[in-house]
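All remarks here apply to the structure that follows.
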Amino acid sequence: MQGKLFLYNSINRKKEEFIPINFPFVGMYVCGPTVYGDAHLGHARPAITFDLLFRYLRHLEYKVRYVRNITDVGHLENDADQGEDKIGKKARLEQLEPMEVVQYFADRYHREMDKLNVLKPSIEPRASGHIIEQIEMTKKILDSGFAYISNGSVYFDVEKYNEKYNYGKLSGRILEDLYSNTRELDGQSEKKNSFDFALWKQASPEHIMRWPSPWSDGFPGWHMECSAMGHKYLGEKFDIHGGGMDLLFPHHECEIAQNTVAVGENSINYWVHNNMITINGQKMGKSLGNFITLDDLFNGTNQVLEKAYSPMTIRFFILQAHYRSTLDFSNEALQAAEKGLARLMKGNETLNKIKASASGNYNVSELKKNCYDAMNDDLNSPIVIAHLFDALKTINSVEAGTETIDDANLEILKQVYHSFLFEILGLKNENEGSGSNEILKEVVDMVLNLRMQAKANKDYATSDLIRNELTKIGITVKDKKDGFEWEI
RNA sequence: GGUACCUUGGCCGAGUGGCUAGGCACCGGUCUGCAAAACCGGCUACGGCGGUUCGACUCCGCCAGGUACCUCCA
C-alpha cells in the first residue's frame, strides 16, 4: 500500500484514517444534482472532488461502489414544506411533462460531466424511481414513534428525537438555538415545531408530481431520497457520504436523524464535504443568480468571461485548490490554470521523449512518496500538482542535458507522472486529436513550408505576412530550430 | 441575532512553531531575422494590536474586515 489515507470527517471535525467497513469494498454516496437547470461551476466542484476520491480509492485497489443520485422530485421551491416542487414548477412554465424536464437536464448534466472527465458513478438512482423505498422508510420512522401525521403529511419529530439522540451532531447545532432562530413561516401550523421536517408531503391540487401513499397523494420529503437510496444500495452501514458544505444543515443533519431511527445509529462512517466556489468573494449559487454555467465556460458565452475555458482548464482550476477551501473564480485565475496545465501536459510529451543515461543523479522515489503523502493527507491535490511541477523541472532539465536519469528511475518517473496526472487527477491532454482534420493539417503544413522558404530567402515580409494571417485565423505558429510547430 | 469558518506576495492558492510551497503575471537571460513559444534564473508574503515562547505567518486574547449555515442551493 501507499501509506494510510486520512479524510477530514465533518462529524468529528478532524482528519481520520480511512478504514472501510468491509475491506476491500468501499461504499460511497454523494448528493447529486437537482435537474431543473443547467449545471454551473458550483456543480463541478463536488463532481470533481468525489471523482478524485473515487479515482484515488480505486487506485489504492479498493472495490468502490459509488452512488450519486439524481434528484428529480421533492425539492421544494420556496419556504420549507410550503412551496412548489422545483421540477413541477419548471415543467408548468415550459408546458412540459416533468419527466421531460428531468430527462433534458439530466442528459445535459451527463454531457458536461463527461467533458470534465468525471467518471460515471456505479449507480445513479433517481428519487422518483424510489418512491416505494421512501414510503417504507417513512413507515419505519412512524412506527418507531419519531414522526407524526398531520393533515396527510408526515413530519419528523425533532424535539422527541433530540431527547434520546443528538439532533445537530453533524452541524454543531444546538436545538435550543433553533427555537429562537428558525424563521416564522406562514402555514406552519401543521408542524409541532418549525424545525420539524417533512418525510411525506400531501400534494396540493395543482401539484403535478404525486404518488399514492398510506397518508395522502403526495411526494416524499426532501431528505428522504438520500437516506432511502443510500441504504438500499450500500447497506445499513456504509463508509462515505459526501456532498457540498451547504448541505450540511439541514439536509445531512436530517438524514442522520432519519437513518438513526430507521436504520440504526452511526450508519455512515465518514462525512465528507466540499467547499463552495465563490465569485467576487461570494458563494456562487443558483439562488443568488451569480452562477456561470459550464456550458457558458466551455463556450465563453457569458459577459463575465474574457474567453472560453476548456473543460480540463476548469478541472485543473478546481484541483489546484484543496476541496475544503473556498475557491474564487476569476478570469485571471482560470487563465493561470490554463497555462499551468498546458505546461504539465507538454511535460508529459517531453517525458516520453527523453532518454535515460547509464547513471543518473535524480532519484524519483521522493517524488513518488511526496505525491502519495499529499493525496493521503485529505486529498491534497494542490500539493500533488506542486510536486508534478517539480518533476516537470527535472524532466526539462534532463531534456536540456543539465541533469541525468537512469533507466530504472525514468521508468518510475513515467509511471508516477502518468498515474497521478491522468489516472488520479483525471486530467487529459485536450490537444491530442484537435486539428485531426488531415486536409487542414496538410494545408497548414504546406503554407508553413512556403514560409520556411521565404525565410531561407530572407524574405521576411512574406514570412511575417503568412504568420500574421495564420494568427488571425487562430493558428499559432511556433518556429523551432529546424522547422516549425503550430496549434489551433 | 445564533453558530462556524476565513483574512498569505500583483492574482490564484498550499503549508508549517525556527528550514524555498506551487502556478500565473512581472523582470532578466538562452533561443530567434524579428517575434511567439519553450527553457533557465530572479521576485520571499502571511489583516491590525497585544500576549505565550529562545523564536510565531503558524499557539492564545482582543479588534477590524469578509464568508457560510440558520430557507431551495453543490
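Computed over heavy atoms, backbone and side chain alike; hydrogens, waters and symmetry mates excluded. Chain letters run A, B, ... following the sequence lines, proteins first and then strands; every chain starts at 1.
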Query - Of Gln134(A), Lys201(A), Glu225(A), His130(A), the residue whose pairing with Pro220(A) passes side-chain contact (heavy atoms from CB on, under 4.5 Å) - result: Gln134(A)
Requested in this report: May I have the distance from Asn280(A) (atom CG) to rC6(B) (atom P), rounded to whole angstrom?
Outcome: 22 Å
Query raised in the report: How close or far is atom C1' of rU71(B) from atom NZ of Lys191(A), stated in whole angstroms?
Result: 10 Å
Query raised in the report: Out of rA74(B), rC69(B), rA14(B), which has the shortest distance to the side chain of Met284(A)?
Result: rA74(B)
**Report entry** Nearest-angstrom distance, C1' atom, rC6(B) to rA14(B)
**Finding:** 15 Å
Query raised in the report: Looking only at atom C1', what distance separates rU52(B) and rG17(B), rounded to whole Å?
Result: 12 Å
Requested in this report: Report the residue (Pro250(A) or Glu332(A)) whose heavy-atom-nearest nucleotide on RNA chain B is the more 5′ of the two.
Outcome: Glu332(A)
**Report entry** Atom C1', compared across rC27(B) and rG50(B): separation rounded to whole Å
**Finding:** 39 Å
Query raised in the report: Can you tell me if Tyr56(A) and Asn376(A) form a side-chain donor-acceptor pair at under 3.5 Å?
Result: yes
Query raised in the report: Hey, is Tyr460(A) doing a stacking thing with rG33(B), by the 5.5 Å centroid and 30° angle criteria?
Result: yes
Report summary line: Of rC12(B), rC69(B), rA74(B), the nucleotide closest to the side chain of Arg173(A) is rC69(B)
Query raised in the report: So Phe197(A) and His223(A), would you call those rings parallel, tilted or perpendicular, with 30° and 60° as cut-offs?
Result: perpendicular
Query raised in the report: How long is the line joining CG of Asp328(A) and P of rC12(B), in whole Å?
Result: 6 Å
Query raised in the report: Does Asp377(A) make a side-chain donor-acceptor contact with the base of rG15(B), cut-off 3.5 Å?
Result: no
Query raised in the report: Which listed nucleotide (rA14(B), rC12(B), rA74(B)) is nearest to the side chain of Ser330(A)?
Result: rC12(B)
**Report entry** Nucleotide nearest Arg13(A) (side chain, heavy atoms from C-beta), chosen from rA14(B), rA4(B), rA74(B)
**Finding:** rA4(B)
Report summary line: note: Arg324(A), atom CZ; rU67(B), atom C1'; distance rounded to Å ~ 17 Å
Query raised in the report: What does Leu327(A) touch in the nucleic acid at a heavy-atom separation under 4.0 angstrom: a base, only the sugar-phosphate, or nothing?
Result: sugar-phosphate
Query - Rounded distance in Å - CD1 (Ile385(A)) to P (rC12(B)) - result: 17 Å
Report task. Please work out which of the three classes, parallel, tilted or perpendicular, describes the rings of Phe238(A) and Tyr29(A), given edges at 30° and 60°. Result -> tilted
Query - Nucleotide pairing, RNA chain B (Watson-Crick or G-U, distances under 3.5 Å), in dot-bracket with [ ] and | - result: ((((((((.[[[)....(...]]].(((((.......)))))....[[[[[..)....]]]]])))))))....
**Report entry** Atom-pair distance (CD1 on Ile466(A); P on rC34(B)), nearest Å
**Finding:** 19 Å
Report task. Side chain of Leu178(A) only, please: which of rC70(B), rG22(B), rC69(B) is the nearest? Result -> rC70(B)
Report summary line: Across all chains, not counting sequence neighbours, the side-chain hydrogen bond (donor to acceptor under 3.5 Å, both in side chains) partners of Asp377(A) are Lys15(A)
Query - Separation of the P atoms in rA56(B) and rG15(B), to the nearest angstrom - result: 23 Å
Requested in this report: Indicate, with a heavy-atom threshold strictly under 4.0 Å, whether Thr326(A) touches base, sugar-phosphate, or nothing.
Outcome: sugar-phosphate
Report summary line: Contact string for nucleotides 35-46 of chain B, one letter per nucleotide 5' to 3', B = base within protein heavy-atom range under 4.0 Å, S = sugar-phosphate only, - = neither, reads BBS-SSS-----
Query raised in the report: P atom, rC39(B) versus rG55(B): distance in rounded Å?
Result: 45 Å
Query raised in the report: Think Arg451(A) forms a cation-pi with Phe484(A), using NZ or CZ under 6.0 Å from the six-ring centre and within 45 degrees of its axis?
Result: no
Query raised in the report: Which part of the nucleic acid, if any, lies within contact of Gly281(A), taking any heavy atom under 4.0 Å across all strands shown: a base, the sugar-phosphate backbone alone, or nothing?
Result: sugar-phosphate
Query raised in the report: Met276(A) near the nucleic acid: base, sugar-phosphate alone, or nothing, with a heavy-atom cut-off under 4.0 Å?
Result: base
Report task. Can you establish whether the number of heavy atoms outside Lys369(A) located under 6.0 Å from its atom NZ is more than 12? Result -> no
Report task. Indicate, with a heavy-atom threshold strictly under 4.0 Å, whether Asn274(A) touches base, sugar-phosphate, or nothing. Result -> base
Query raised in the report: Which is true for Glu338(A) with a 4.0 Å heavy-atom rule: it touches a base, it touches only sugar-phosphate, or it touches nothing?
Result: nothing
Query raised in the report: His322(A) NE2 to rC5(B) P: how many Å, rounded?
Result: 17 Å
Report task. Write down the distance between CG (Leu334(A)) and P (rG13(B)), rounded to a whole number of angstrom. Result -> 11 Å
Requested in this report: State whether the side chain of Asn302(A) and the backbone N or O of Leu305(A) hold a donor-acceptor pair below 3.5 Å, judged by distance alone.
Outcome: no
**Report entry** rC43(B) versus rG10(B) - spacing of their C1' atoms, nearest Å
**Finding:** 11 Å
Query raised in the report: What's the closest nucleotide to the Phe317(A) side chain, out of rC12(B), rG33(B), rA14(B)?
Result: rC12(B)
Report summary line: By nearest-heavy-atom nucleotide on RNA chain B, the more 5' of His40(A) and Gly340(A) is Gly340(A)
Query - rG22(B) and rU16(B), which share atom name C1', separated by this distance in whole Å - result: 15 Å
Query raised in the report: Do side-chain atoms of Lys455(A) reach the backbone of Lys458(A) as a donor and acceptor pair under 3.5 angstrom?
Result: no
Query - Lys/Arg cation over aromatic Phe291(A): Lys286(A), 6.0 Å, 45° cone - result: yes
Requested in this report: Classify the nucleic acid contact of Ala333(A) as base, sugar-phosphate or nothing, counting any heavy atom under 4.0 Å across all strands shown.
Outcome: sugar-phosphate
Report task. Using only heavy-atom distances, decide whether a donor-acceptor pair under 3.5 angstrom links the side-chain of Ser325(A) to the base of rG13(B). Result -> no
Query raised in the report: What integer number of Å spans the P atoms of rC46(B) and rG33(B)?
Result: 45 Å
Query - Side-chain donor-acceptor pair present, Asp378(A), Tyr323(A), cut-off under 3.5 Å - result: yes
Report summary line: Of the candidates rC12(B), rA74(B), rA14(B), the side chain of Asp246(A) sits closest to rA74(B)
Requested in this report: For the side chain of Gln320(A), starting at C-beta, report the closest nucleotide among rA21(B), rG23(B), rA74(B).
Outcome: rG23(B)
Requested in this report: Could you check whether the rings of His273(A) and Trp271(A) sit parallel, tilted or perpendicular, using 30° and 60° as the cut-offs?
Outcome: parallel
Requested in this report: Classify the nucleic acid contact of Asn275(A) as base, sugar-phosphate or nothing, counting any heavy atom under 4.0 Å across all strands shown.
Outcome: base
Query raised in the report: Taking the six-membered ring of Phe249(A), is the NZ or CZ of Arg173(A) close enough (under 6.0 Å from the centre) and on axis enough (within 45°)?
Result: yes
